[in-house]
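What follows is a single structure, and I will ask about it in a moment.
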Amino acid sequence: MADDEKDPFEVFNNSTGSGLVRNPYPRFAELRGQCPVHEGMMGQLFDIPILDQSAFSATGSYFTACSYAAVAQVLLDGETFSSSGYGPTMGLVFGHSILEMDDPEHHKYRSLLQQAFSQKAMDRWERDLVAPIVARCIDRFADRGRADLVRELTFPFPLEVIAGMLGLPAADLPRFHRLAVELISIAVDIERGLNASQLLRDYFGDVLALRRANPGEDLVSVLATAELDGQRLTDEEIFAFLRLLLPAGAETTYRSSSNLLYGLLTNPDQLDALRADRSLMKRAIEEGLRWEAPLTQIARTATKEVMVDGVAVPQGAVIGVCLGAANHDAKRWDDPERFDLFREPKQHMAFAYGPHTCLGMHLARMETRVVIDAVLDRLPKLRLDPDAEDVHVTGLTFRAPATLPVVFG
Ligand code: HEM
């Protein structure tokens, strides 16, 4: 069967190596207990053959930061810990995106992009896109009494939201979805990832030309006209950002809402508490992100020899920054392995920290709030399907359940 005909979720799920590690948290705790920073890449520390060189090291030297203190130190100091190592890796598919920039370029570019994520835009996206898209997804199964919340809700809705933010016609959605999935598959199939990158550039080229001629309120029009100190984004910079939006904005949000639903469904007392008192929603969202961060690892490169939480790291070394391990640091959270929405919220690392803190975090939180509210409002007596076997969150770098079979009503 050609990939065009396959279920996009299958293609996607097979491309992220998600089944290799089921629960990395005991090993994270062991590593953190031994030392806050380890020599070696995450795959080596887990002794599994995965390609986790998310950033390139010219010196061949790799470290992994596991404690909250080490992760915070690295992410806060963009001068000592550069993001440029993403260039020869992820830059191949995205182009020169904000992810691989350091200051002063990063600051300037981020200020321009931030214009697209205003409160006004957020309110409009919630009303015109997120709420109706989530409602349409739930309409399709609300009368059935059972559903797979991953396949039918959390996987499809964030990509539709991004497509809506870009003002893409509904007819383009299947093609856009397929290219987005193929772009992400770069980790296992470089040719396919590069091909999708080029096809997306051609596709966005046509969209950008249309918006320049006839600007609207959509994100492409905003990016085409954003201006700071007389400077505008070039076409290539816009394409790089648009390509980054797919994995950054759709894949992560699918995972965060799935993981929170999993936390609630496996702790029915907390699900009931949230259903009864929606003022707990903020805490629930932050606890879901802390407990099961969608992305457990990012990377930086040391621009000089430096001590990281007491461990010497040489110049040129790539440091894997383990957000998942930091979020379970027992020095910061009591009983960190437990999902507990009643916890006092504290800064966590799921959206990173410092200059590259996630640009879409308010959007991600809003999307998660809308989807969880809709699930609680529309699916009474929601519970995991008692006939389903072994529902669980899985993955080392990217984490989510592959399925969430539920019954309700
Ligand atoms: C729960 C959902 C999300 C999570 C967990 C998440 C996580 C992250 C993390 C960890 C980073 C830092 C990457 C690094 O520096 O190496 C990041 C950056 C970024 N995220 Fe998110 N993200 C989420 C949703 C979104 C959404 C919805 C959007 C936009 C639509 C978005 C856009 C971005 C962008 C543009 C950056 C780059 C910021 C910069 O380099 O200055 N993210 N995100």
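Values reported hereafter were calculated over all heavy atoms of this structure, with side chains retained and with hydrogens, waters and symmetry mates removed. The residues of the chain are indexed from 1 along the displayed sequence. Atoms within a ligand are numbered from 1 in the order they appear, just like the ligands themselves. Since the model is a prediction, treat every value here as computed from it, not as a measurement.
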When Y68 is tested against each of K346, H348, R332 for side chain to side chain contact (heavy atoms under 4.5 Å, CB included), which residue passes?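 Testing Y68 for a side chain to side chain contact (heavy atoms under 4.5 Å, CB included) against K346, H348, R332 leaves exactly one candidate, R332.
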Quick one: table the atom pairs, ligand 1 N or O against protein N or O, below 3.5 Å, distance rounded to 0.1 Å.
residue: ligand 1; atom: 15 (O); partner: R300; partner atom: NH1; Å: 3.3
residue: ligand 1; atom: 15 (O); partner: R300; partner atom: NH2; Å: 2.7
residue: ligand 1; atom: 16 (O); partner: Y86; partner atom: OH; Å: 2.6
residue: ligand 1; atom: 16 (O); partner: R300; partner atom: NH1; Å: 3.1
residue: ligand 1; atom: 40 (O); partner: H356; partner atom: ND1; Å: 2.6
residue: ligand 1; atom: 41 (O); partner: H106; partner atom: NE2; Å: 2.7
residue: ligand 1; atom: 41 (O); partner: R110; partner atom: NH1; Å: 2.8
residue: ligand 1; atom: 41 (O); partner: H356; partner atom: ND1; Å: 3.4
residue: ligand 1; atom: 42 (N); partner: A248; partner atom: O; Å: 3.2

Examine F155 together with Y254 and report whether their ring centres are nearer than 6.0 Å.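 Here the rings of Y254 and F155 have centres that are less than 6.0 Å from each other.
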H38: partners by ring-ring contact (aromatic ring centres under 6.0 Å, His included), with sequence neighbours left out: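 So H38 forms no ring-ring contact (aromatic ring centres under 6.0 Å, His included) with any residue.
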Partners meeting side chain to side chain contact (heavy atoms under 4.5 Å, CB included) with E39 (sequence neighbours left out):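 So E39 forms a side chain to side chain contact (heavy atoms under 4.5 Å, CB included) with F63.
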Ring-plane angle category for W291 and Y262, please: parallel below 30°, perpendicular beyond 60°, tilted otherwise.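 Taking Y262 first and then W291, their aromatic rings lie parallel (interplane angle under 30°).
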Side chain to side chain contact (heavy atoms under 4.5 Å, CB included) against Q198, all qualifying residues, sequence neighbours excluded: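 Residues passing side chain to side chain contact (heavy atoms under 4.5 Å, CB included) with Q198: R201, D202.
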